[in-house]
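We name chains A, B, ... by the order of the sequence lines, and we start the count at 1 in each one. Every value quoted in this text rests on a predicted model; they were computed, and no experiment measured them.
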There are 2 protein chains.
Amino acid sequence: MAERKQYEELARQLGAIAAVRRDLGRTLPPEASPASVLVLALLHEYGEMRMGKLAELLAIDMSVTSRHVAYAADRGWIDRHPDPLDKRSRLLRISPRGDELLELVGTRYTEALATCLRDWSDEDLGSLIGLLARLRESFGDCRARAPQA
Amino acid sequence: MAERKQYEELARQLGAIAAVRRDLGRTLPPEASPASVLVLALLHEYGEMRMGKLAELLAIDMSVTSRHVAYAADRGWIDRHPDPLDKRSRLLRISPRGDELLELVGTRYTEALATCLRDWSDEDLGSLIGLLARLRESFGDCRARAPQA
DNA sequence: TATTGTTATACTCTATAACTATA
DNA sequence: TATAGTTATAGAGTATAACAATA
């Protein structure tokens, strides 16, 4: 159990970290929005899934997810085909062109981060990644437990 | 020097962490936007400053900063008074009402985080805060070095 | 002529609500 | 009647460019 001062400081850091996200976003190719890249990354990692599942992973409303998916599908980065088990749904899958884009984006990200973080050790970087993942998990559990508002 | 895989993973985590920011933002009082709260926090921590300095600390364009400051000033959270050394500038300072708001916001943040992160140790939380601060610093240096595009 | 700050405009991301098609 | 997804609309945040006042 931590102190109030620490919690306030974490909130501060999370607020300010948005600037880093913006910097990173500026390295993307013109049509690749940060949101669509995140969609592609999830489909690449977890494989085929439905809209609702994707929205849950993104932790954003399904209406918003729907727009991001439509955007990516219009550009040929995602294939949508009917779900044989439920005609209301479509199954989403990253396409070969989507994988190519993801590859390019990974290169851009790596270039930007390798420059800015060249004095970071492998170990520190790993710690940060692990703690961020855990933070997201903790909030995800919280969200799952308390959505009955 | 780290691996490409690690850099890609960090970018992923940073993209996804926005969901945590949104959750935290939802705990704020209606008029207190996350952006204005960040402005107040900086003025509280660093004291009186000019618009340009604040924009630099926020790492956002001065035009945007100007709007956030006007919003906060309209609500009495910030005092603006002429800079005696440069009549183009105004000095910004957090007001007593701004400090009150910051106090309330700190309480809300603490409640939310203490709930979601109750199984985190003091030490892990401290590590995360330290690594986030260092990440912002590394990007800040990068930005300061390469803006001559 | 350059700099500080403001305002106008446009674009991205998100949420709420209304709607459709199917379960 | 409930659920999966789409679309319309509104609000917050940011960037670019044009502008005013002062240095």
Side-chain angles (χ1 to χ4, degrees), chain A residues 14-39 49-75 78 80-92 143 147 149, chain B residues 14-39 49-75 78 80-92 143 147 149:
Chain A
L14 288 174
I17 214 70
V20 174
R21 288 192 66 212
R22 285 197 299 280
D23 282 340
L24 223 40
R26 275 186 265 271
T27 70
L28 294 176
E31 281 209 308
S33 66
S36 59
V37 167
L38 193 50
V39 164
M49 70 182 75
R50 317 203 313 183
M51 191 69 71
K53 176 66 178 173
L54 183 58
E56 188 190 321
L57 288 174
L58 289 167
I60 59 178
D61 193 87
M62 189 155 49
S63 67
V64 181
T65 306
S66 177
R67 294 242 313 250
H68 292 317
V69 166
Y71 180 91
D74 286 348
R75 280 153 188 78
I78 287 180
R80 290 187 284 195
H81 50 98
D83 182 344
L85 298 175
D86 185 341
K87 286 177 185 164
R88 294 172 303 181
S89 277
R90 284 190 286 186
L91 292 172
L92 312 174
R143 218 165 12 237
Chain B
L14 288 174
I17 214 71
V20 174
R21 287 193 67 212
R22 284 197 299 279
D23 283 340
L24 222 41
R26 275 186 263 271
T27 69
L28 294 176
E31 281 210 305
S33 66
S36 59
V37 167
L38 193 50
V39 164
M49 70 181 75
R50 317 201 317 182
M51 190 70 72
K53 175 67 177 172
L54 182 58
E56 188 191 321
L57 288 175
L58 288 167
I60 58 177
D61 193 87
M62 190 155 48
S63 67
V64 181
T65 306
S66 177
R67 294 240 314 249
H68 292 318
V69 165
Y71 180 91
D74 286 348
R75 280 151 189 80
I78 287 179
R80 291 188 282 195
H81 50 96
D83 183 343
L85 298 175
D86 185 340
K87 286 177 186 165
R88 292 172 303 182
S89 278
R90 284 190 286 185
L91 293 172
L92 311 174
R143 219 166 11 238

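- Residue R26(B) places at least one side-chain N or O under 4.0 Å from the OP1 or OP2 atom of dA15(C).
- For the pair I60(B) and K87(B), both in contact range of DNA chain D, the more 5′-proximal nearest nucleotide belongs to I60(B).
- Among the atoms of the strands shown, only primed sugar atoms or phosphate atoms (P, OP1, OP2) are found under 4.0 Å from some heavy atom of R22(A).
- Here the C1' atom of nucleotide dT1(C) and the CZ atom of R88(B) are 12 Å apart, to the nearest Å.
- As judged by a 4.0 angstrom heavy-atom cut-off over every strand, M62(B) is placed among the base-contacting residues.
- At a cut-off of 3.5 angstrom, the base of dT14(C) holds no donor-acceptor pair with the side chain of S63(A).
- The side chain of R90(B) contributes an N or O atom lying less than 4.0 Å from OP1 or OP2 of dT6(C).
- Rounded to whole Å, the distance from CZ on R21(B) to P on dC13(C) is 15 Å.
- Nucleic acid contact for D86(A): sugar-phosphate only, since backbone atoms but no base atoms lie under 4.0 Å from a heavy atom of the residue.
- Stacking of R75(B) on the aromatic ring of Y71(B) is recorded, both the 6.0 Å distance cut-off and the 45° axial limit being met.
- The stretch residues 27-37 of chain B touches DNA chain D through S33(B), P34(B), A35(B), each having a heavy atom within less than 4.0 Å of the strand.
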After noting the C-alpha distance and the side-chain angles of V69(B) and R80(B), does the key distance pass the side-chain contact (heavy atoms from CB on, under 4.5 Å) rule?
CA-CA 9 Å; V69(B) 165; R80(B) 291 188 282 195; 4.0 Å; yes

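- Reading DNA chain D from its 5' end, the first and the last nucleotide to sit under 4.0 Å from a heavy atom of chain B are dG13(D) to dA23(D).
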